[in-house]
Amino acid sequence: MAISMPPSVMILSKIKVAPSILSADFSNLCQAIRDCERGNADYIHLDVMDGHFVPNITFGPVVIESIRKCTKLPFDAHLMIERPDKFIKSFMKAGVDIITVHREVDIDLNTLLKKIRNYGAEVGLAINPDTPFEKAKEYMEKIDYLLVMSVYPGFAGQGFIDSVIPKIKEAKEYVEHEQLDVKIAVDGGIKHTNYKRVVNAGADIIVAASAIFKGDIAKNISDFKK
Ligand code: DX5
Ligand code: ZN
C-alpha cells in the first residue's frame, strides 16, 4: 500500500544540497568535505573567482586537484572568471564533474558550452540576480543545470535577494513545459529560515556556504533535507 505523505514533505525530501566550501576551514578542507558526506551532501560546490569577473579571488585547479582525493562526490566548479574558455581543460584534469559558467561573460557562449560538453563534463549556466531568465532561454537545451544566483557573486554570507523568487518559478515552469532535463539550482543567501520558499518556487538543488559551514556541518546539511 502506498504511504501518503503531505505534499510539502514529498517536495523537500527530493531536494539536493550542494555545500559551497567557500565558508569551510581552508586549513582542513578534506575534513570539511567528509563532514559534508556525513550529512548526505549531493555535490561539492566550488566557487572559483579571479578578481576580475567578481571582486574576489579564491582558488583554482591546483586546489581542486588536491581535494579531489577526499571524496567521490561530484564536483561542481562555479566559474566566476572572465575567460572560462581558457581553463576548461585544466578544471577537467583537476577532476571536476560539472562546469558552470556565467551567462554574463563576454565570450561566445555556444562555443563555450559545446567545449565543456566535449570535454565530458555536465554543463551549468549561471545567471546573476539582474539577468532575466529570458536571456538564458536560448541555451536551455544545451545545459544540464541552470544556476539562479540569489546574491551578486563574489562573497559568501550575503543576504538572499527576494526578487529572484519569481525567476526561479519562471525557470521551473519553462523546464516543465518544454520537458527539458535541466535542474534548477539556486545559490546565495540560502538559510534554514528561507530555503523552503526557494524549494517551493522550484529549486531542485540548493547551494549554501555560510549556513552549512558554521556549526555542525553534517547536521546543517541534513536539516536542509528534512
Ligand atoms: C557567491 C557564491 C556562492 C556563495 C554562497 O559568489 O557563488 O556559492 O558561496 O554563500 P552563502 O550561502 O553564504 O550565501
Ligand atoms: Zn557559487
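Each ligand, and each atom within it, is numbered from 1 in the order the structure gives. Here, residue 1 is the first one in the sequence, and each next residue gets the next number.
The N, O or S atom of D47 with the smallest distance to the Zn ion (ligand 2) is OD1. Atom ND1 is the N/O/S atom of H78 found closest to the Zn ion (ligand 2). Nearest N/O/S atom of D187 with respect to the Zn ion (ligand 2) is recorded as OD2.
Note on E134 versus K137: salt bridge recorded, some NZ/NE/NH1/NH2 to OD/OE distance being below 4.0 Å. Salt bridge annotation for K167-D130: absent, with no cationic side-chain nitrogen under 4.0 angstrom from a carboxylate oxygen. Ion pair R117/D144 flagged as a salt bridge, since at least one NZ, NE, NH1 or NH2 atom sits closer than 4.0 Å to an Asp/Glu carboxylate oxygen.
One hydrophobic cluster, built from ILVMFWY side chains closer than 4.5 Å, holds both F224 and I184.
Taking a cut-off of under 4.0 Å to the non-hydrogen atoms of G188, the atoms of ligand 1 that pass are 14 (O). Interface of M80 with ligand 1, defined as ligand atoms under 4.0 Å from a residue heavy atom, comprises 6 (O), 7 (O). In summary, the atoms of ligand 1 found under 4.0 Å from a heavy atom of A208, numbered by their order in the structure, are 12 (O). Counting the atoms of ligand 1 from 1 in the order shown, those under 4.0 Å from a heavy atom of M49 are 6 (O). Close approach of ligand 1 to L22 (heavy-atom distance below 4.0 Å) involves ligand atoms 9 (O). Heavy-atom proximity to P153, at under 4.0 Å, picks out these atoms of ligand 1: 6 (O). Ligand-side atoms of ligand 1 in range of H78: 7 (O), range being under 4.0 angstrom from any heavy atom.
For atom 10 (O) of ligand 1, the nearest non-hydrogen atom of the protein is A209 CB, 3.3 Å. Looking from atom 3 (C) of ligand 1 to the surrounding protein, the closest heavy atom is D187 OD1, 2.9 Å. Counting only heavy atoms of the protein, atom 9 (O) of ligand 1 lies nearest to D47 OD2, 2.9 Å. The shortest contact between atom 14 (O) of ligand 1 and any protein heavy atom is with G189 N, 2.7 Å. Among protein heavy atoms, atom 1 (C) of ligand 1 sits closest to F155 O, 3.7 Å.
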Exercise for review: Report the C-alpha distance between D50 and R83 in whole Å, list the side-chain angles of each, state the deciding distance to 0.1 Å, and finish with yes or no for salt bridge (Lys or Arg N to Asp or Glu O under 4.0 Å).
Suggested key: CA-CA 9 Å; D50 67 352; R83 292 297 305 267; over 6 Å; no

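A side-chain donor-acceptor contact under 3.5 Å links R103 to the backbone of K135. Between the side chain of N56 and the backbone N or O of G154 there is at least one donor-acceptor pair closer than 3.5 Å. In this structure, the side chain of H192 engages the main chain of N220 through a donor-acceptor pair within 3.5 Å.
Looking only at atom types and distance, the side chain of D76 has a donor-acceptor partner in the side chain of T100 under 3.5 Å away. Counting only N and O atoms by type, the side chains of D47 and S20 include a donor and acceptor under 3.5 Å apart.
Polar contact check, S20 against ligand 1: a nitrogen or oxygen pair lies under 3.5 Å apart. Some N or O of G157 is nearer than 3.5 Å to an N or O of ligand 1, by distance alone.
Selection from A211, S210, G154 by nearest heavy atom to atom 13 (O) of ligand 1 gives S210.
Ring orientation note: the planes of H102 and H78 are close to parallel, at an angle under 30° on the 30°/60° scale.
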